[in-house]
Amino acid sequence: MYTFRIETDMNAYDDFICRHGGQYIQCSAWQRVKTTWKCSYYCGFQGEERVLAVLVMERSLPAAGKIWYAPGGAVCDYNDRELLKEFTDFMNAEMRKHGATCFIFDPDISLRINGEEQPRGHEMHKTLTELGYILNPSIENYTYKQPVQLFVPLMNDDGEALTAEKILKKCDKGVRYSIRIGQQRGLEAKSYTYEDIEKDPSIMEDFMAVMRDTSERDSFVERNGDYCTKLLREFRGNSDLKLVYYDKDIDEKLQQERLAKKEKALSELEGAHEKKARQLQEIIDSTDKQTEHYEKRMAEAEAFTKDRRICVAGGLSIYYAGMGSCLFGGTRNVIRNNTRSSHYLNYLRLQESIRRGCKVHDLGYVIVKTPELQSDGTLGELIPQDNFKGIYDFKKSFSADYHEFIGEYVLVGNKAKYYAYAKLMPKAKKAKIKAIKLLRH
């Protein structure tokens, strides 16, 4: 009924991915980013009609052999059980043909949304396990990404695009406050393309300064020294590096304007009627409070004697097939709480997704704890690790829906090598990480 083959027409492949809601990690450009993996593109056909597309990435590992991985699973109609069955049979045959250890299948099908069970997710788990896939329950050993995602819907139930203002009204009060004060405290934002960074490498240096302040994972963000630049290059036209700067000159100018308003209010206060006096006193009190914050900002930024303009936040995003995806982002420690630059940045990224006509804005994932399995064999509740709880709360404050996916499934081709991959290699990896941390300290 169905035929499958390696695709050579990348334009037709990418067109299918885009039209059927695929992701940037499934398109043909991904092989030029993930260069340590060998990429093959398979398509399924019913007659002449293309009905399935999947990127299969291959990596050879010591003692474990060839590992095959399909990020995001396949783009297809998951309600078509016969299509899934024939595709699974085909991949089993391909593994035998090429001597692959396993095929890791990672479909983005929600098991729960905001804690509410999704029947389709449970049905899909049943289908996949009946077809011979094994669920990987060890979240810390997942191949590429966590089985959770936080999405901000950019359209209502009728498919109408929402404005940034309407979305902002749904956000937590703290977010709304932060957006309002961002520009009042000397913040300004700039968007950069790959061409901009080619002309001025200091742009990427600013971004990496942010990432170094954000966490110890900056080496993961800019692996081999050019990972983010490579993403911007390969997704040019669909990518954006957004940086937020704190400008002392702008902040000083705004402060002088506030002080001038205060002086005017003080001069009008004497002899003003009761209602007018209250309004003038509010201006005076507000200015005094703003001045207190201003002086703290100036004191905190005093170390940057040469820099009147400091990069305080940054984020890299990709826009593909109706989804705006936040890949990397963070905030520097300098004047972090005084300017609320993290909220300011993320709202600007959300606005960019809306401007580009995206249907959903992907805020990314958080690292979760390995759950207990439910009675039907599916993953239990996916709870953020303790050190990621704050990031989870931050992303939820943007009125994001929390999706828990059904997880990572495996077709085993070689049991002995798969045991080495699934059981022995994680232990070796933990030992390596522990040794690196000891050396750092």
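All values derive from a computational prediction rather than experimental measurement.
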Would you say that more than 12 heavy atoms from the other residues, nucleotides or ligands in this model lie under 6.0 Å from the NZ of K145, or not?
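Counting neighbours around NZ of K145, more than 12 heavy atoms of other residues, nucleotides or ligands fall under 6.0 Å, so yes.
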
Going through the checks in order, is the salt bridge (Lys or Arg N to Asp or Glu O under 4.0 Å) test met by D386 and K369?
CA-CA 9 Å; D386 294 338; K369 301 174 183 177; 3.3 Å; yes

Where does the angle between the aromatic ring planes of Y409 and H125 fall among parallel (under 30°), tilted (30 to 60°) and perpendicular (over 60°)?
tilted

For [Y], does its backbone N or O pair with a side-chain atom of [X] as donor and acceptor, under 3.5 Å?
{"X": "S178", "Y": "G174", "value": "yes"}
{"X": "D247", "Y": "I250", "value": "yes"}
{"X": "Q118", "Y": "E116", "value": "yes"}

So if I apply the side-chain contact (heavy atoms from CB on, under 4.5 Å) rule between V51 and each of Y2, F16, F45, which one comes out positive?
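Single pass found, and it is Y2.
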
Scan residues 313-325 for pairs that pass salt bridge (charged side-chain N to carboxylate O under 4.0 Å, His left out), counting only residues two or more places apart or in two chains.
none

Suppose we call two aromatic rings close when their centres sit under 6.0 Å apart. Are [X] and [Y] close by that rule?
{"X": "Y402", "Y": "Y392", "answer": "yes"}
{"X": "Y320", "Y": "Y24", "answer": "no"}
{"X": "Y42", "Y": "F4", "answer": "no"}
{"X": "H343", "Y": "Y177", "answer": "no"}
{"X": "Y142", "Y": "Y144", "answer": "no"}

Pairs where residues 46-75 contributes a residue and the test ring-ring contact (aromatic ring centres under 6.0 Å, His included) is met, not counting sequence neighbours
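Listed once each, the pairs are W68-H98.
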
Just one of T339, N338, D251 clears the side-chain hydrogen bond (donor to acceptor under 3.5 Å, both in side chains) bar with Y246, so which one?
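The option that passes is D251.
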
Does the pair F103 and V410 meet the rule for a side chain to side chain contact (heavy atoms under 4.5 Å, CB included), with working shown?
CA-CA 6 Å; F103 171 53; V410 185; over 6 Å; no

For G121 versus L111, what's the shortest heavy-atom pair and its separation?
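Looking at all heavy atoms of both residues, the closest pair is C-CD1, 4.0 Å.
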
For residues C43 and A53, report the shortest heavy-atom separation together with the two atoms involved.
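In terms of heavy atoms, the two residues are closest at SG-CB, 4.0 Å.
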
Just wondering, do [Y] and [X] contact through their side chains at under 4.5 Å, heavy atoms?
{"X": "R336", "Y": "R332", "answer": "no"}
{"X": "F105", "Y": "E408", "answer": "no"}
{"X": "Q46", "Y": "M1", "answer": "yes"}

Would H361 and F151 count as a ring-ring contact (aromatic ring centres under 6.0 Å, His included) here? Give the steps.
CA-CA 6 Å; H361 181 77; F151 297 120; 9.7 Å; no

Do R81 and E130 pass the salt bridge (Lys or Arg N to Asp or Glu O under 4.0 Å) test, and can you show the C-alpha distance, the side-chain angles, and the key distance before you say yes or no?
CA-CA 11 Å; R81 194 180 192 283; E130 285 175 352; 2.8 Å; yes

